[in-house]
Amino acid sequence: MNSFDMEQLRSFVTAVDAGSLTAAAPLRCLSQSALSEQLRKLELRANQTLLLRSKSGVIPTAAGEKLLQHARHLLALADLAWRDLQGVTLNGEVRLGITDYCRPADMVTILARFARDYPHLRLRTMMGKSRDIENAWQQGEIDLAIVMRIPGIHPPVSNSRETLLLREHMMWVGNTPTSQHEPLPLALLPEGCSLHQLACHTLKQHQRSYLIRHIASGVRGLQTALVAGLGVACLNQSAIPAELQHRSESLGLPSLPLAEFVLLRGPEDSSETSKTCVAFGEILHSTLSGMT
DNA sequence: GACATTGGCATCGGCGTGGA
DNA sequence: TCCACGCCGATGCCAATGTC
């Protein structure tokens with residue numbers, strides 16, 4: 001049989017995200033043994049080993065990584081189809097805040113697709129620094145927020161109103177020559193920016209001298225400064241300008257943690273606005289977590 | 001270093017359910 | 001009624017970690 005069982009795919013994605021079958025089982029409302037069995041059958045169906053099992057959990061194999069991408073898309077599509085069949089039409093207004101580090105090249109396309117798929121939804125978007133977005137969310141000025149969190153700088157996802165959407169590698173990028181003997185020229189966003197803090201903190205920790213040579217007002221400006229050779233910055237993968245993709249990771253600088261993008265939801269109640277926000281939050285989740 | 005504990009996954013037998 | 005299927009709980013195995 002050369003097709004996939006959606007439940008098995010859902011279990012597979014949950015297991016990869018949770019990092020172990022034991023952690024994934026309760027999320028799927030299954031026992032560990034049932035989940036293990038589902039994944040065994042999925043591997044049988046795929047005729048490939050999809051997960052490497054170890055005492056510390058599971059990680060996807062190369063084939064597993066490949067299937068993971070397809071599985072996320074299939075599940076997002078299935079959810080969309082289900083909502084469509086149930087007649088779930090989104091209307092009303094949703095105020096959405098997005099950090100401008102989150103998929104800057106794709107975000108316009110994503111928002112345009114939402115506008116096309118949900119014509120009755122009035123989407124008010126705000127893009128900016130994670131701290132500003134989160135403050136606005138806490139003040140109730142926006143309904144949903146996508147913010148960036150850096151392990152070690154920010155606390156981990158800790159409550160039911162926060163959902164991890166995706167993780168991205170972070171790299172040092174720049175178009176300027178660097179020398180171990182001279183302070184590293186940095187191009188950064190202002191001090192409140194998480195990546196500003198991360199860059200300075202990491203370099204101090206490794207006793208690497210640096211000099212802040214350029215402060216940009218936004219990610220777009222920072223990208224321009226990097227391409228122009230005004231300095232070096234640490235950026236998440238999707239925010240690295242295309243011109244510099246090939247120049248990352250060759251600067252001999254300390255390694256960086258993964259960046260985490262987290263969806264913040266508002267409190268739920270029985271109002272139409274709340275229902276719309278919940279449904280749109282799910283769509284955002286399935287759309288962005290399906291991207292790699 | 002030896003042993004105990006912990007925490008991971010795989011396997012097995014039994015049970016409930018739904019379809020032929 | 002039988003059978004296939006999916007699930008659960010129990011159990012076993014194994015490696016990492018903690019304790020003495």
Side-chain angles (χ1 to χ4, degrees), chain A residues 1-88 149-170 198 201-202 205-206 237 254-263 268 278-279 281-283 285-292:
Chain A
M1 187 186 294
N2 57 357
S3 62
F4 290 108
D5 178 311
M6 297 303 280
E7 290 307 302
Q8 291 172 1
L9 286 181
R10 213 176 279 279
S11 292
F12 172 62
V13 172
T14 306
V16 173
D17 289 345
S20 78
L21 304 195
T22 304
L27 299 176
R28 295 281 296 119
C29 299
L30 289 172
S31 65
Q32 176 266 324
S33 54
L35 193 79
S36 171
E37 184 68 10
Q38 282 194 352
L39 296 180
R40 191 186 64 79
K41 287 178 181 166
L42 179 63
E43 289 182 318
L44 205 65
R45 205 182 277 247
N47 200 24
Q48 309 247 12
T49 302
L50 301 171
L51 291 171
L52 289 176
R53 280 86 163 163
S54 73
K55 301 300 159 189
S56 55
V58 292
I59 52 169
T61 60
E65 287 282 6
K66 205 179 283 184
L67 179 61
L68 193 60
Q69 292 184 31
H70 294 300
R72 290 195 198 277
H73 284 301
L74 286 169
L75 293 172
L77 199 60
D79 289 344
L80 186 66
W82 187 86
R83 269 191 292 271
D84 192 26
L85 281 177
Q86 301 306 307
V88 178
R149 299 264 174 87
I150 312 291
I153 288 187
H154 301 109
V157 170
S158 57
N159 67 59
S160 59
R161 288 171 61 190
E162 302 182 358
T163 310
L164 178 63
L165 290 177
L166 53 111
R167 290 191 176 96
E168 281 190 10
H169 287 288
M170 279 199 292
L198 176 70
H201 176 74
T202 306
Q205 214 173 27
H206 288 79
Q237 179 84 56
S255 61
L256 295 163
L258 291 172
E260 295 181 344
F261 290 95
V262 177
L263 176 66
E268 288 180 32
V278 168
E282 285 176 15
I283 293 164
H285 186 192
S286 57
T287 302
L288 287 170
S289 62
M291 302 181 82
T292 54

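Chain identifiers are assigned alphabetically (A, B, ...) following the order of the sequence lines, protein sequences preceding nucleic acid strands; residue numbering begins at 1 within each chain.
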Asks: Below 4.5 Å, heavy atoms only, C-beta onward: do A/His169 and A/Leu258 meet side chain to side chain?
Replies: yes
Asks: Taking any atom closer than 4.0 angstrom to a non-hydrogen atom of chain A, what span of DNA chain C does the protein reach, first nucleotide to last?
Replies: C/dG6 to C/dA15
Asks: Does any pair with a residue in residues 22-31 of chain A pass salt bridge (Lys or Arg N to Asp or Glu O under 4.0 Å), and if so which ones, sequence neighbours excluded?
Replies: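 Found A/Glu7-A/Arg28.
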Asks: Using 4.0 Å as the upper bound for N to carboxylate O, is an ion pair formed by A/Glu43 and A/Arg40?
Replies: no
Asks: Go through the structure and list residues passing salt bridge (charged side-chain N to carboxylate O under 4.0 Å, His left out) with A/Glu168, not counting sequence neighbours.
Replies: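 Checked A/Glu168 against salt bridge (charged side-chain N to carboxylate O under 4.0 Å, His left out); matches are A/Arg103.
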Asks: So, using side chain to side chain contact (heavy atoms under 4.5 Å, CB included) as the criterion, who are the partners of A/Ala24 when residues are at least two apart?
Replies: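 Partners of A/Ala24 by the side chain to side chain contact (heavy atoms under 4.5 Å, CB included) criterion, ordered by chain and then number, come out as A/Thr14, A/Ala15, A/Ala18, A/Leu35.
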Asks: Can you name the residues that form a side chain to side chain contact (heavy atoms under 4.5 Å, CB included) with A/Ser255, not counting sequence neighbours?
Replies: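 Scan of A/Ser255 (side chain to side chain contact (heavy atoms under 4.5 Å, CB included), adjacent residues dropped) gives none.
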Asks: Reading nucleotides 7-12 of chain B from the 5' end, what letters show protein touch, with B for base, S for backbone sugar-phosphate only, - for no heavy atom under 4.0 Å?
Replies: BBBBB-
Asks: For a 4.5 angstrom cut-off between non-hydrogen side-chain atoms, does A/Leu42 reach A/Ser11?
Replies: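 In short, these two side chains do not touch, never coming nearer than 4.5 Å.
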